[in-house]
Amino acid sequence: MFRNVAAIFVHLAGPLQGKKAGASSITRCLHQTVAMAKRLQARRLEGIDKNPWVEIVKLASENECVNLGQGFPDFAPPDFAMEAFQHAVSGDIMLNQYTKAFGYPPLTKVLASFFGKLLGQEMDPLRNVLVTVGAYGALFTAFQALVDEGDEVIIIEPFFDCYEPMTLMAGGRPVFIPLKPNSSHSQDGELESSSNWQLDPTELAGKFTSRTKALVLNTPNNPLGKVFSKAELELVASLCQQHDVVCISDEVYQWLVFDGNQHVSIASLPGMWERTLTIGSAGKTFSATGWKVGWVLGPEHLVKHLKTVHQNSIFHCPTQTQAAVAWSFEREQRHFGQPSSYFVQLSQLTQSKRDHMIRSLQSVGLRPIVCQGSYFLITDISDFKNKMPNLPGDADEAYDKRFVKWMIKNKGLVAIPVSVFCSTTHQKHFDHYIRFCFIKDEATLQAMDEKLQKWKADITP
């Protein structure tokens with residue numbers, strides 16, 4: 001083999017011998033770039049290559065900002081979770097190796113036990129649970145396993161922004177239906193609530209066709225923070241059953257509900273377990289988003305297809321983080337429903353952060369929508385749109401995107417335009433809202449207050 005390589009080199013170098021520029025010519029010859037004639041990009045990637053987060057994160061890094069855009073806590077997970085992770089890393093050496101492909105057995109066991117009681121099901125850890133690389137991985141696996149070419153997927157707007165590209169990558173066609181604010185439920189002088197944003201039952205029913213394969217439900221909703229009521233879920237459930245549709249239920253914020261609201265899993269409703277995939281996240285559950293441990297719960301006849309995708313893609317999730325999540329759930333199971341429960345404490349803590357942010361945003365004329373749950377609230381910027389309609393930006397750029405860029409550069413605050421959580425067709429209905437994340441450390445919220453006080457001083461005569 002080496003003789004062949006040498007011969008090729010002599011063949012290339014021979015004509016250049018004796019020339020002054022021989023070395024550089026050889027370099028050019030060996031490193032010549034040949035353009036490929038074949039199409040490189042798979043067609044399923046068309047139209048989904050641009051990501052709004054990239055531009056906003058880059059702009060934030062170029063300015064001195066308080067980042068209230070991205071959805072992650074900037075404080076430590078609870079002590080028991082940190083200790084569990086440290087133990088997983090420094091304890092049993094076999095936790096450095098592969099575990100079962102579909103989930104570390106102690107984790108699948110505690111997930112089946114914990115959520116089985118909540119969903120009213122006798123769950124088998126081997127048949128009804130799949131552990132994934134975060135809830136994001138669970139969603140991707142679900143779309144790849146169940147959505148076929150030409151299948152329609154109903155997506156409720158505003159939506160977590162991965163639902164649409166994941167549908168498209170699977171060959172499906174997104175069908176959008178917007179939540180709409182019902183102003184008749186608002187009292188004069190009171191802030192609007194996310195509960196006022198509702199689906200039109202007739203419009204929703206009209207979205208179901210013979211081609212509808214799945215409906216994606218997100219409760220509590222990101223970015224709106226809406227917690228769907230039992231009556232609203234019953235409407236969705238009846239239509240899914242009537243049209244033989246699978247429900248992909250993203251419930252990563254289920255422990256973050258406020259003001260006495262109750263999270264209801266649609267899989268717990270009559271006739272829905274058999275057609276629902278319930279998706280959860282350890283990152284949101286234990287304030288450790290970097291651990292990237294998620295799960296899917298559901299009937300075996302659905303979960304088995306997700307396992308096929310899983311075993312032929314990532315195959316396995318990190319063992320040590322799964323072990324830490326398992327021990328954390330075991331601890332929570334002993335305290336569940338008591339004042340010592342982390343889920344109880346986290347909800348109370350996060351609600352106080354939400355209230356803090358609402359008061360602060362109001363001081364500069366922003367109108368927050370009071371969220372019922374999640375990490376997020378959205379804020380109405382209509383007054384600014386009326387006062388400053390001509391902010392810099394591309395001609396076809398939604399107003400909320402231009403406003404967010406202006407706010408980053410001029411006010412040092414980062415938020416996310418809500419129009420990025422909507423279909424192109426409906427963006428114009430949502431371009432006067434921006435999303436803030438309030439699950440932040442007290443120091444971050446104080447830094448926000450300082451920015452807002454400066455802003456207030458600028459607009460006070």
Side-chain angles (χ1 to χ4, degrees), residues 50-75 134-136 157-165 194 218 220-226 252-253 256 281 283-284 287-290 350 353-354 356-358 360-364 366-371 373-381 384-385 391-393 397-422 427 430-452 454-455:
K50 293 183 179 179
N51 188 307
W53 302 95
V54 175
E55 182 182 10
I56 291 170
V57 170
K58 180 176 182 295
L59 189 60
S61 68
E62 294 169 350
N63 294 271
E64 187 178 339
C65 293
V66 179
N67 189 347
L68 305 171
Q70 292 173 282
F72 61 88
D74 60 356
F75 51 83
Y136 216 89
E157 296 178 297
F159 56 84
F160 182 41
D161 62 310
C162 75
Y163 300 157
E164 181 181 9
S194 61
N218 180 207
N221 170 275
N222 172 16
L224 179 58
K226 175 182 174 63
V252 299
Y253 299 106
L256 291 159
S281 162
K284 305 301 191 296
S287 304
T289 58
T350 310
K353 294 177 181 295
R354 179 205 65 174
H356 179 154
M357 177 172 280
I358 287 173
S360 296
L361 293 177
Q362 285 181 280
S363 69
V364 295
L366 293 166
R367 288 186 287 153
I369 311 298
V370 181
C371 63
S374 84
Y375 283 178
F376 311 105
L377 59 81
I378 70 172
T379 297
D380 190 332
I381 57 170
F384 289 90
K385 189 176 181 181
L391 291 177
E397 191 171 26
Y399 182 80
D400 58 344
K401 293 181 184 178
R402 288 184 281 142
F403 183 86
V404 163
K405 292 178 185 178
W406 171 84
M407 188 171 68
I408 291 172
K409 293 177 181 178
N410 294 278
K411 303 303 177 185
L413 293 170
V414 183
I416 304 296
V418 171
S419 63
V420 306
F421 301 104
C422 306
Q427 281 186 356
F430 294 91
D431 76 343
H432 55 288
Y433 296 102
I434 59 176
R435 189 197 77 173
F436 288 95
C437 175
F438 50 79
I439 189 161
K440 299 299 181 183
D441 185 73
E442 194 61 32
T444 304
L445 295 178
Q446 288 176 2
M448 171 196 71
D449 289 341
E450 292 173 6
K451 297 284 188 183
L452 289 169
K454 291 180 181 177
W455 188 349

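All values reported here derive from a predicted model rather than from experimental measurement. Position 1 is the first residue of the sequence, and the numbers go up from there.
The closest side-chain heavy-atom distance from L391 to Y399 is below 4.5 Å. Side chains of K440 and V66 form no contact here, defined as non-hydrogen atoms less than 4.5 Å apart. With contacts defined as side-chain heavy-atom distances shorter than 4.5 Å, the pair F438/H356 does not qualify. Between L256 and Y375, some side-chain heavy-atom pair lies under the 4.5 Å cut-off. Contact of the D431 side chain with the P417 side chain is not registered, since no non-hydrogen atoms from C-beta on lie closer than 4.5 Å. Contact annotation: the side chain of M357 never approaches that of P368 to less than 4.5 Å [non-hydrogen atoms, C-beta and beyond]. Between I381 and L366 there is a side-chain heavy-atom pair separated by less than 4.5 Å. Here the side chains of D161 and W53 are in contact, with some heavy-atom distance below 4.5 Å.
Remark: N221 CG to F376 CZ distance equals 10.0 Å, nearest 0.5 Å. Atom-to-atom distance recorded for K385:NZ and F403:CZ is 12.0 Å, nearest 0.5 angstrom. Taken from OG1 in T350 to CZ in R354, the straight-line distance is 10.5 Å, to the nearest 0.5 Å. The distance from atom CG of L224 to atom CD of E157, rounded to the nearest 0.5 Å, is 12.0 Å. In this structure, the separation between CG on N67 and OG1 on T444 is 9.0 Å, given to the nearest 0.5 Å. Going from atom NZ of K411 over to atom CE of M448 covers 15.5 Å, rounded to the nearest 0.5 Å.
Nearest heavy-atom pair across G69 and I416 is O-CG1, 3.6 Å. The two residues C371 and L377 have their closest heavy-atom pair at SG-CB, 4.1 Å.
Remark: E55 does not engage K50 in a salt bridge, criterion side-chain N to carboxylate O under 4.0 Å. With respect to the salt-bridge test (charged N to carboxylate O, under 4.0 angstrom), the residues K454 and E450 do not qualify.
Geometric assessment of K284 against the ring of F72 yields a negative cation-pi assignment under the 6.0 Å and 45° thresholds.
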In sequence, state the C-alpha distance, the side-chain angles, and the governing distance for L59 and V404, and then conclude on side chain to side chain contact (heavy atoms under 4.5 Å, CB included). CA-CA 10 Å; L59 189 60; V404 163; over 6 Å; no
How far apart are the C-alpha atoms of I378 and F430, what are their side-chain angles, what is the distance that settles it, and do they pass the side chain to side chain contact (heavy atoms under 4.5 Å, CB included) test? CA-CA 10 Å; I378 70 172; F430 294 91; over 6 Å; no
Show your reasoning for whether side chain to side chain contact (heavy atoms under 4.5 Å, CB included) applies to N222 and S374. CA-CA 7 Å; N222 172 16; S374 84; 5.6 Å; no
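Remark: the backbone N or O of C65 is not paired with any side-chain donor or acceptor of N63 at under 3.5 angstrom. The main-chain N or O of R367 is never found under 3.5 Å from a side-chain atom of D380 such that the two would form a donor-acceptor pair.
Annotation: E62, atom CD; neighbour count of heavy atoms from other residues, nucleotides and ligands within 6.0 Å is above 12.
Under the 30°/60° scheme for interplanar angles, the aromatic rings of F160 and Y136 are found to stand perpendicular.
One side chain, S360 or D449, offers a donor N or O that lies under 3.5 Å from an acceptor on the other.
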